[in-house]
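Beneath this line is the structure, given in structure tokens, with notes to follow.
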Amino acid sequence: MTAAAARVAPSAPGGMLDRTWFDRHALEVAPDLLGKRLVHDSPDGRIAGIIVETEAYAGPEDRAAHSSRGRTVRNAVMFGEPGHLYVYFIYGMHHCLNVVCGPGSKPEAVLIRAVRLEEGEALARLRRGSVPEAQLASGPGNVAAAYGIDRSLNGADLAAGPVWLTDGPAPKDVLARPRVGVAYAGEWAARHWRFMLAHDPHVSRR
DNA sequence: CTTATGATTAGA
DNA sequence: CTAATCATAAGA
């Protein structure tokens, strides 16, 4: 293998998910993200794991989505090109990691709610402290914390790194449930747009 | 400028 | 159940 080929490599094991993969409705991407591998090559080292829980946020019509209140400084990335990160700060202390979807510039995104870490556990522990293994990256705020992701990565291109996704093991039993923390969204709150692997100890509580 | 609140979490 | 804690958005 040549040095040039090695440099191309963010795609490692399975193929790297490309922009066209994200250029679909969030409702299609969210369940498809289960089983995929999320990687972050941070300055401190690599963190990687399998996504076990997601939530879909559709375009302006979805009253639970940030984009339903129009384009603002915070949610601008949602209105841009699919395949970028949308990272926002919430409740004065947590970051949430989202993947921007499409189609096209339709402002949709998928929230990554829980990951089963496979690589970089020691690094995650430095950031998260001595929590049970199953909770290292369980819950959206904890995923961002374990991965060391904050707003400095808002808008980052998943096709350029340092964060990207690759194919992973096909999920077996997938459950669909109502989304968390969106009771204010009326009829939209009742939709089962939260997806998770059944019986996986790494999904968030609630 | 002021004010309310949130795609959360940990702990009582 | 509530506190923590602040960027953001909306309103005056």
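We use all heavy atoms of the structure for the numbers below, so side chains are in, but hydrogens, waters and symmetry mates are not. Lettering of chains follows the sequences in order, A, B, ..., and the numbering in each one begins at 1.
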[X] vs [Y] side-chain heavy atoms within contact, under 4.5 Å:
X: A/H95; Y: A/I149; answer: no
X: A/V29; Y: A/P82; answer: no
X: A/E133; Y: A/H202; answer: yes
X: A/Y88; Y: A/N98; answer: yes
X: A/D150; Y: A/F89; answer: no
X: A/L111; Y: A/Y86; answer: no
X: A/N142; Y: A/L136; answer: no

Hey, where on DNA chain B does chain A first and last touch, going 5' to 3'? Cut-off is any atom under 4.0 Å from a heavy atom.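 So the contact region on DNA chain B extends B/dG6 to B/dA10.
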Base, sugar-phosphate, or nothing for A/R205, non-hydrogen atoms under 4.0 angstrom?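 It contacts sugar-phosphate atoms only.
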Determine the contact category for A/R194: base if any of its heavy atoms lies under 4.0 Å from a base atom, sugar-phosphate if only primed atoms, P, OP1 or OP2 are that close, otherwise nothing.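 Nothing, no nucleic acid heavy atom in range.
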Working to the nearest 0.5 angstrom, can you tell me the gap between A/R125 CZ and A/L117 CG?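 The CG atom of A/L117 is 9.5 Å from CZ of A/R125, to the nearest 0.5 Å.
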Check DNA chain C against residues 129-146 of chain A and give the residues with a non-hydrogen atom under 4.0 Å, in numerical order.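 Going residue by residue through residues 129-146 of chain A, none turns out to have a heavy atom under 4.0 Å of DNA chain C.
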Does anything in residues 68-98 of chain A reach DNA chain C, meaning a heavy atom under 4.0 Å, and if so which residues?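 Going residue by residue through residues 68-98 of chain A, the ones with a heavy atom under 4.0 Å of DNA chain C turn out to be A/T72, A/V73, A/R74, A/F89, A/Y91, A/G92, A/M93.
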Of all nucleotides in DNA chain C with an atom under 4.0 Å from a non-hydrogen atom of chain A, which is the first and which the last going 5' to 3'?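 Terminal contacting nucleotides, 5' to 3': C/dA4 to C/dA9.
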Kindly express the pairing pattern of DNA chain C in dot-bracket notation, using | wherever a base pairs with another strand and counting only Watson-Crick or G-U pairs under 3.5 Å. ||||.||||||.
Between A/E81 and A/H84, does any side-chain donor sit less than 3.5 Å from a side-chain acceptor?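 Checked: A/E81/A/H84 side chains pair up, N/O donor to acceptor below 3.5 Å.
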Donor-acceptor side-chain pairing of A/T20 and A/D18 below 3.5 angstrom: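 Per modelled atom types, A/T20 and A/D18 side chains form a pair under 3.5 Å.
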List for me each residue that meets side chain to side chain contact (heavy atoms under 4.5 Å, CB included) alongside A/R69, sequence neighbours excluded, and say none if there are none.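 With sequence neighbours excluded, A/R69 shows a side chain to side chain contact (heavy atoms under 4.5 Å, CB included) to A/H66, A/Y184, given in chain and number order.
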Could you check A/D44 against A/R127 for side-chain contact (heavy atoms from CB on, under 4.5 Å), going step by step and ending with a plain yes or no? CA-CA 11 Å; A/D44 301 323; A/R127 296 164 170 159; 3.6 Å; yes
Between A/I112, A/V39, A/I51, which is the residue that forms a side chain to side chain contact (heavy atoms under 4.5 Å, CB included) with A/L165?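 So, applying the side chain to side chain contact (heavy atoms under 4.5 Å, CB included) to A/L165 and each of A/I112, A/V39, A/I51, only A/I51 qualifies.
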Rounding to an integer number of angstrom, what distance separates B/dT2 and C/dT5 when you compare their P atoms?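 Nearest-Å result for B/dT2 against C/dT5 at atom P: 22 Å.
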